[in-house]
Amino acid sequence: MSTYVYGIVASSHPALPDGLAGVGDPALPIRVLEEGALAAVVSDAPEGLRPKRRELLAHQAVLAEAGADGCVLPMRFGSVAPDDSSVTGVLAERTEHYEERLRALENKVEYNIKATHVEEAVLHLVMAENPELRSLAEANRQAGGGSHEQRLQLGEMVAAAVKTKEAEDAADVQQHLESLAAATSVGPESTGWLLNVSFLVDRDAAAGFLETAEEVRKGRPHLELRINGPLPPYSFVEPGPAGPAGSTTK
């Protein structure tokens, strides 16, 4: 039977509630595998596991329970090892790394910020900020729309200006928020998002972080900001002295 891994804790972590169950139908009982100073929160891995809503919520519920009384390094949904001994073997092999991560992530949560442009608003903004674009657009208007080449030139210049604005806005939003975070981790690029960054935030500083994010949102009506959190610090399990994936900001 394969082993499903929810997260990693210190072996001194308070005991989980009796009867706690995780993924699977019926839900499979949670158990703890100890290896030296570390322990893994696991269950048997159900066959044919799929990222359905019920299973995702079950995964999150186990992590929430484990994180209620101490730090847990969350594994992403679908983390499966061949067997229990494979899990304890990884704990033994990476003890120093995981102990460092548990110390670094104590009392911290993750907020993911995604940003995109409001198309009509950003078009108005780049035209207002660029006299050359305004001049070319006006010349085309007076020429009855302009030639195909002129319209193409205008379109290319507008697209370039919007692209530049995307980079400027991404840097601007990140700069305003990263000073309030212990670390940042840039997420994978995806179509439509000009910014996809996760911030590691002290629980005690979360209210201030969210307040600043709201100020950023209100001050930039041409941007749409989506804030997801607080989350278990998924994006910061791997960073460490051996190979940081997130940038420490303070």
Side-chain angles (χ1 to χ4, degrees), residues 1-112 182 185 198-207 209-210 227-240:
M1 176 70 72
S2 300
T3 303
Y4 186 97
V5 185
Y6 299 85
I8 297 169
V9 297
S11 58
S12 58
H13 192 89
L16 298 177
D18 292 337
L20 183 62
V23 297
D25 188 13
L28 294 164
I30 296 300
R31 47 199 173 83
V32 176
L33 303 176
E34 291 194 12
E35 176 62 39
L38 298 173
V41 180
V42 306
S43 69
D44 290 344
E47 294 185 6
L49 182 66
R50 296 291 184 271
K52 296 180 179 179
R53 176 177 171 79
R54 178 189 176 281
E55 303 290 18
L56 292 168
L57 290 176
H59 180 92
Q60 292 172 9
V62 172
L63 286 172
E65 196 67 56
D69 295 317
C71 187
V72 57
L73 303 181
M75 299 294 108
R76 295 191 182 276
F77 177 85
S79 298
V80 177
D83 50 38
D84 286 2
S85 62
S86 298
V87 177
T88 54
V90 171
L91 294 182
E93 180 182 341
R94 305 196 68 195
T95 295
E96 184 177 346
H97 170 78
Y98 287 135
E99 285 185 322
E100 183 276 332
R101 287 290 86 199
L102 285 168
R103 290 191 298 271
L105 299 180
E106 181 67 39
N107 201 40
K108 291 181 174 63
V109 292
E110 176 176 333
Y111 285 92
N112 176 258
S185 179
S198 289
F199 298 85
L200 184 67
V201 180
D202 288 321
R203 289 183 186 275
D204 296 341
F209 179 87
L210 292 174
I227 305 168
N228 190 16
L231 303 168
Y234 290 107
S235 301
F236 301 92
V237 172
E238 285 308 314

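Just so you know, residue 1 is the first one in the sequence shown, and it goes up from there.
Here the side chains of V237 and P74 are in contact, with some heavy-atom distance below 4.5 Å. When side chains are defined from C-beta on, Y111 does not count as touching L200, because their heavy atoms never get closer than 4.5 Å. Side-chain contact between I8 and M75 is present, with heavy atoms from C-beta onward closer than 4.5 Å. The side-chain heavy atoms of F199 and N112, taken from C-beta on, include no pair separated by under 4.5 Å. For the pair V109 and F209, the minimum side-chain heavy-atom distance is 4.5 Å or more. Residues L56 and K52 form no side-chain contact, since every pair of their non-hydrogen atoms from C-beta on lies 4.5 Å or further apart. A 4.5 Å side-chain heavy-atom check between V80 and V5 finds every atom pair outside the cut-off.
Put simply, the side chain of D202 never gets that close to the backbone of A205: no donor and acceptor are under 3.5 Å apart. T3 places a side-chain N or O within donor-acceptor distance of the main-chain N or O of D84, the cut-off being under 3.5 Å. Put simply, the side chain of R101 never gets that close to the backbone of E238: no donor and acceptor are under 3.5 Å apart.
Annotation for N107: atom CG counts as buried by contact number, over 12 foreign heavy atoms lying within 6.0 Å.
Here CD of E99 is found 10.5 Å from CG of L73. Values are rounded to the nearest 0.5 Å. For the atom pair SG (C71) and CG (L105), the distance works out to 5.0 Å, reported to the nearest 0.5 Å. Interatomic distance, L20 CG to L28 CG, rounded to the nearest 0.5 Å: 11.5 Å. Expressed to the nearest 0.5 Å, how far CZ of R203 lies from CD of E106 amounts to 9.0 Å. Atom NE2 in H97 sits 11.5 Å away from atom CG in L91 (nearest 0.5 Å).
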Pairs under 3.5 angstrom only: tabulate donor-acceptor contacts from the side chains of residues 35-50 to other protein residues two or more places apart or in another chain.
from, atom 1, to, atom 2, distance (Å)
S43, OG, Y6, OH, 2.9
D44, OD1, R31, NH2, 2.7

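Residue S235 comes nearest to S185 through the heavy atom pair O-OG, 3.7 Å, listed as atom of the first residue, atom of the second, then distance. The two residues G22 and A27 have their closest heavy-atom pair at O-CB, 3.3 Å. Across A66 and H13, no two heavy atoms sit closer than the pair O-NE2, 2.7 Å. Scanning all heavy atoms of the two residues, the minimum distance from E110 to S198 falls at OE2-OG, 2.8 Å.
Residue pairs that meet the side-chain hydrogen bond (donor to acceptor under 3.5 Å, both in side chains) test with at least one member in residues 54-80, sequence neighbours left out, are Y4-H59.
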